[in-house]
Amino acid sequence: MQEAEFRQLWSTNQNPEDIGFLALVREDLRTHEGLTAQGFWALFVCRLGNWRMGIRWSLLRFPFSLLYKALAVWVHWTTRIELPYIAPCGRRVRIWHHGGCVLGARHIGDDVQIRHNVTLGLANHNDPIHAIPTIEERVVLGAGCVVVGAITVGHDSVVAANAVVTQDVPPHSLVGGIPARVLKRLDEEPEPEPFPDLDPTPERVLAVIVNYQTTEVAKRCLASLAREKVAVPALEVAVIENASGDDSAALLNAELEHLGVSSWARVIESDVNLGFAGGNNLALRDALEGDAHYDAFLLVNPDVELYPGALHEMLRVQAREERAAIVGPATELRRGSLAPNAFRYPCVQNAFSGGIQLGIVHRLLARWDPRVSPKPHDHEAEWISGGCMLIRRAVLEEVGLFDEEFFLYFEEVDLCRRARAAGYSCWYAHDARIYHEAGAATGMGHEHRRAKRMPGWWFRSRRHYMKKHHGSMYLLLCDLAFLAGRVTKRVIQLLTLRRTEDPERFLFDFTRHALLPVRSERRRGSS
């Protein structure tokens with residue numbers, strides 16, 4: 001592109017075309033989580049400068065040009081961020097912190113994160129063709145890094161802190177150093193962990209996976225179970241194909257052949273979608289009534305990957321604790337970072353605490369917090385997530401299978417509660433590790449994106465659990481406690497202009513199901 005063409009672009013509105021100016025500003029506000037973020041104001045002025053260039057008549061554009069120049073000076077003085085309108089930005093760009101940012105670029109793509117003291121191009125824009133770079137989508141620019149020259153930083157790359165980049169960065173790269181070089185390819189598969197040297201266990205275990213339109217992630221789960229066969233020779237696998245409505249059954253059978261496990265793993269097809277409880281019961285009922293005598297059952301979500309030796313360790317904990325009905329592993333929702341996987345039962349206290357989600361309230365009600373922070377040792381828990389749980393056979397024979405009134409969610413809470421009422425215990429096994437890509441099947445629960453609208457069966461499952469174990473009056477108290485907390489939280493968010501992490505229309509849906517339960521239950525099949 002010649003300089004004349006480049007300057008021609010400056011005379012047009014270079015804001016993203018797929019969204020209006022006001023909607024774009026609101027999105028930037030949500031991205032920066034409030035008006036107090038200095039990066040928001042720098043980006044707002046850049047957007048304004050571009051928007052006014054879309055005004056056709058120069059006389060009408062003139063007052064907005066004066067406003068833009070005044071605000072640009074104000075932002076530079078107060079935040080020390082220089083982001084001229086001739087550096088057009090994509091959507092959901094976030095500028096973290098403040099101070100020392102000089103952001104001259106041909107273009108900054110969508111979902112870019114810029115830390116403080118980053119320099120793009122030069123402070124002097126007299127050489128726009130040879131001095132300023134292009135930043136593609138989903139790039140993270142570390143604090144204090146410098147990117148100079150008419151170069152391109154490829155999409156999905158990370159520039160390390162204090163790096164000096166003087167040549168093109170390939171996509172999916174981690175670069176660092178002075179001058180910067182590629183330290184790592186981020187799209188490469190990590191080296192598999194070596195399987196630990198373990199003595200094989202004699203227990204016969206049936207692993208059950210319920211698949212509903214999650215065939216691709218289920219392949220990773222099956223591969224991790226295939227590894228466990230080394231330490232658990234009597235392991236078998238049953239995959240319930242829960243009426244996905246596609247060619248999942250054929251793909252799963254092909255994957256079993258590919259992994260070489262078809263002699264001890266099979267696919268069971270269901271004619272209808274039975275949900276989590278019904279899908280697992282289909283395999284469990286057949287196993288309990290059949291000739292094979294399984295000692296335990298491993299229920300595992302298709303979006304779970306077992307780290308080497310995880311099943312062996314859960315079996316060890318279960319064998320050590322004679323009354324251990326259910327054992328759950330330490331869980332990573334992000335690689336290398338443990339998330340809670342031992343929980344307390346829902347109650348009025350944690351309903352209010354979970355609704356308001358304020359630090360001081362959580363501290364006051366910490367003894368009832370439903371999530372128990374990961375501990376560096378094995379310990380008892382009130383209930384364990386159904387994403388991956390090892391269940392002793394005797395427990396199912398005594399207390400029964402899952403309650404199929406639960407379509408999805410709360411069924412494992414109910415089972416753990418029934419097991420504990422029968423004198424058993426639930427255990428968290430710290431040294432058994434899994435990675436759980438939570439929400440792959442439901443769109444709920446993933447920590448890196450806002451969930452879609454909560455399906456009706458979540459509310460119905462919660463309601464059924466509370467009524468079954470506590471009664472209607474206690475359910476009403478929990479609903480009111482949660483709503484009081486959540487409404488208070490929303491008011492605080494509105495006053496501070498902060499975004500909500502709730503699923504879409506969550507407060508409306510919760511209120512509707514709490515106040516109009518009969519109507520919502522009649523519409524059971526609609527969601």
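Note that the coordinates shown come from a computational prediction; the quantities given were computed from them, not determined experimentally.
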ask   = Where the side chain of Gln213 meets the backbone of Ser244, is there a donor-acceptor pair that is under 3.5 Å apart?
value = yes

inquiry  = So Val267 and Leu256, do their side chains get closer than 4.5 Å, heavy atoms only?
reply    = yes

message = Does this structure show an ion pair linking Arg138 with Asp156, if we count only N-O contacts that are shorter than 4.0 Å?
response = yes

key: Distance-only polar pair, side chains of Tyr212 and Glu241, donor-acceptor under 3.5 Å   = no

remark   = Heavy atoms of Arg92 and Glu27 approach each other most closely as NH1-OE2, 3.7 Å

inquiry  = Suppose we screen for side chain to side chain donor-acceptor pair (under 3.5 Å). Which residues come up paired with Ser224, at least two apart in sequence or across chains?
reply    = none

Within 6.0 Å of CG in Asp197, more than 12 heavy atoms from elsewhere = no

ask   = Are Val45 and Tyr68 close enough that some pair of their side-chain heavy atoms sits under 4.5 Å apart?
value = yes

remark   = Closest heavy-atom pair, Leu235 versus Trp264, reported as atoms and distance to 0.1 Å, is O-CE3, 3.4 Å

query = With distance as the sole test, does His32 use its side chain to make a donor-acceptor pair with the main-chain N or O of Asp28 at under 3.5 Å?
reply = yes

query = Taking the six-membered ring of Phe508, is the NZ or CZ of Arg505 close enough (under 6.0 Å from the centre) and on axis enough (within 45°)?
reply = yes

message = Please check: side-chain N/O of His312 versus main-chain N/O of Asp199, any donor-acceptor pairing under 3.5 Å?
response = yes

Rounded distance [0.5 Å steps], CD in Glu332 versus OH in Tyr307 = 3.5 Å

query = Considering all heavy atoms of both residues, which atom of Phe21 and which atom of Asn15 are nearest to each other, and what is their separation?
reply = CD1-ND2, 4.2 Å

request  = Could you walk me through whether Arg181 and Val175 pass the side-chain contact (heavy atoms from CB on, under 4.5 Å) test, one step at a time?
outcome  = CA-CA 5 Å; Arg181 59 186 179 84; Val175 299; over 6 Å; no

inquiry  = Minimum heavy-atom separation for Ala330 and His430, please, with both atom names.
reply    = CB-O, 3.5 Å

query = Does some side-chain heavy atom of Leu120 sit less than 4.5 Å from a side-chain heavy atom of Ile135?
reply = yes

With Glu305 via side chain to side chain donor-acceptor pair (under 3.5 Å) - residues at least two apart = Arg335

key: Under 3.5 Å: donor-acceptor pair, side chain of Arg115, backbone of Gly142   = no

key: Note, Leu103 side chain near Val118 side chain (heavy atom, < 4.5 Å)   = yes

inquiry  = Between Glu255 (side chain only) and Asn253 (backbone N and O only), is there a donor and an acceptor less than 3.5 Å apart?
reply    = no

query = Does one side chain, of Asn13 or Asn50, offer a donor that lies under 3.5 Å from an acceptor on the other?
reply = no

request  = Report yes if the side chains of Val148 and Val165 come closer than 4.5 Å at any heavy-atom pair, otherwise no.
outcome  = no

key: Validation row, ring centre Trp51 to ring centre Phe64 under 6.0 Å   = yes

key: Nearest-0.5 Å distance, NZ of residue Lys219 to CG of residue Leu252   = 8.5 Å

task = Please say whether more than 12 non-hydrogen atoms of neighbouring residues, nucleotides or ligands are located less than 6.0 Å from NE2 in His258.
result = no

ask   = If you look at every heavy atom in Ala429 and Met314, which pair is closest and at what distance?
value = CB-CG, 4.4 Å

task = Give a yes or no on this: more than 12 heavy atoms of other residues, nucleotides or ligands lie within 6.0 Å of atom CZ of Phe62.
result = no

ring-ring contact (aromatic ring centres under 6.0 Å, His included) contacts touching residues 137-161 (sequence neighbours left out) = His155-His172

key: Electrostatic pair Glu313:Arg433 at N-O distance under 4.0 angstrom   = no

Stepwise side-chain contact (heavy atoms from CB on, under 4.5 Å) check, Asp110 with Val93 = CA-CA 6 Å; Asp110 297 341; Val93 172; over 6 Å; no

message = I'd like to know if the side chain of Ser173 reaches the main chain of Val169, judged simply by a donor and an acceptor atom lying under 3.5 Å from each other, with no hydrogens or angles considered.
response = no

query = Would you say the side-chain atoms of Ser461 pair up with the backbone N or O of Leu408, donor to acceptor, closer than 3.5 Å?
reply = yes

ask   = Relative to the ring of Trp41, is the ring of Phe44 parallel (under 30°), tilted (30 to 60°) or perpendicular (over 60°)?
value = perpendicular

note = CZ (Arg227) and CG (Leu306) are apart, to the nearest 0.5 Å, by 8.0 Å

query = How about Leu35 and Leu29: do any of their side-chain heavy atoms sit closer than 4.5 Å?
reply = yes

Under 3.5 Å donor-acceptor, Thr214 side chain and Asn211 backbone = no

message = Looking only at side-chain N and O atoms, does Ser65 offer a donor or acceptor that is under 3.5 Å from a partner on Arg52?
response = yes

task = Begin from the C-alpha positions of Leu222 and Val261 and carry the test side-chain contact (heavy atoms from CB on, under 4.5 Å) through to its verdict.
result = CA-CA 9 Å; Leu222 288 167; Val261 300; 5.9 Å; no

query = So Phe40 and Val25, side-chain contact (heavy atoms from CB on, under 4.5 Å) or not? Walk me through it.
reply = CA-CA 9 Å; Phe40 163 75; Val25 171; 4.0 Å; yes

query = When you check the side-chain N and O atoms of Gln113 and Trp96, is any donor under 3.5 Å from an acceptor?
reply = yes

query = In terms of side-chain geometry, is the basic nitrogen of Asp303 or Arg220 positioned less than 4.0 Å from the acidic oxygen of its partner?
reply = no

message = Do Thr12 and Gln14 pair up side chain to side chain, a donor and an acceptor below 3.5 Å, judged on atom types alone?
response = yes

request  = Enter the distance from Leu225:CG to Leu311:CG here, rounded to the nearest 0.5 Å.
outcome  = 8.0 Å

key: Phe407-Phe276 aromatic ring centre distance below 6.0 Å   = no

ask   = Quick one: does Ile240's side chain get under 4.5 Å of Ile209's, heavy atoms only?
value = no

note = Interatomic distance, CD1@Ile151 vs CD1@Ile132, rounded to 0.5 Å, equals 12.0 Å

inquiry  = Looking at every non-hydrogen atom in both residues, tell me the closest pair between Ile95 and Ala42 and how far apart they are.
reply    = CD1-CB, 4.4 Å

task = Please tell me if the side chains of Ile434 and Pro329 come closer than 4.5 Å, counting only heavy atoms from C-beta onward.
result = yes

key: Check: Thr31 main-chain N/O paired with Arg94 side-chain donor or acceptor under 3.5 Å   = yes

message = Just verifying a value: how many Å separate Trp383 CH2 and Tyr428 OH, rounded to the nearest 0.5 Å?
response = 14.0 Å

query = Do the side chain of Thr79 and the main chain of Val75 share a donor and acceptor less than 3.5 angstrom apart?
reply = yes

